[in-house]
Chemist: 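Quick one: the structure is below, questions incoming.
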Amino acid sequence: MTSRPDALSVEAMMMHYGDNRRLDPIDFKALKTQISILKVLELFDWRPTKKRGDELRGPCPVHGSKSPTSTILAVSTSKNAWKCHKCEAGGNQLDLAAHYFGLRRDQCVRVAVALCRELGREIPRIE
């Protein structure tokens, strides 16, 4: 697989991770368990500035803040969840990709499937 795109844009993400082929029916709930929120945050080169238990805190990549105190993104690694304390947005790891890149749900699923392939993980299918 080629290296990740330098410019983090929807077009670059979809060219790298997505294609227009029809996906087989995927178990979305199981798919989310295959990818850690930290793996999604790697797409943004996000680095936490504080750690408390399983919670990490750092500047929010969505708001582009460089100061760790101005815009806080709280990440729970055990719950695969996040919350931005500036805009009050939050959710699971795929919601973060959707929020950051402005992706639709089907595009997020394609990114998640590609990440699973990249990690060598099984893609859960609906039987």
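Here the structure is a predicted model, which means the values were calculated and not measured.
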Chemist: Give the minimum heavy-atom separation between Pro48 and Leu56, together with the two atoms involved.
Modeler: CB-CB, 3.9 Å
Chemist: Does His99 form a side chain to side chain contact (heavy atoms under 4.5 Å, CB included) with Cys84? I'd like the steps, not just the answer.
Modeler: CA-CA 11 Å; His99 189 66; Cys84 173; 5.8 Å; no
Chemist: Looking at Cys108 and Leu103, what are the two nearest heavy atoms and their distance?
Modeler: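 Here Cys108 and Leu103 meet closest at SG-CB, 3.8 Å.
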Chemist: Could you report the tightest heavy-atom contact between Gln34 and Arg121, atom names first, then the distance?
Modeler: O-NH1, 2.5 Å
Chemist: Work out which heavy atom in Trp82 is nearest to a heavy atom in Asn92; give both atom names and the distance.
Modeler: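 So the two residues come closest at NE1-O, 2.9 Å.
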Chemist: Less than 4.5 Å apart, side chain to side chain, heavy atoms only: is that true for Leu41 and Leu73?
Modeler: yes
Chemist: Please report the interatomic distance NZ(Lys83) to CZ(Arg57), rounded to the nearest 0.5 Å.
Modeler: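 Here the interatomic distance stands at 10.5 Å.
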Chemist: Lys32 and Asn80: which non-hydrogen atoms are nearest, and at how many Å?
Modeler: O-ND2, 4.1 Å
Chemist: Say whether, by atom type as modelled, one donor and one acceptor occur between the side chain of Trp46 and the main chain of Pro59 under 3.5 angstrom.
Modeler: yes
Chemist: Does Gln107 use its side chain to pair, donor to acceptor, with the backbone of Arg104 at less than 3.5 Å?
Modeler: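 Looks like yes, one N/O pair under 3.5 Å.
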Chemist: Would the distance check show the side chain of Thr77 and the main-chain N or O of Asp54 forming a donor-acceptor pair, the cut-off being under 3.5 Å?
Modeler: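 Judged by distance alone, yes, a pair lies under 3.5 Å.
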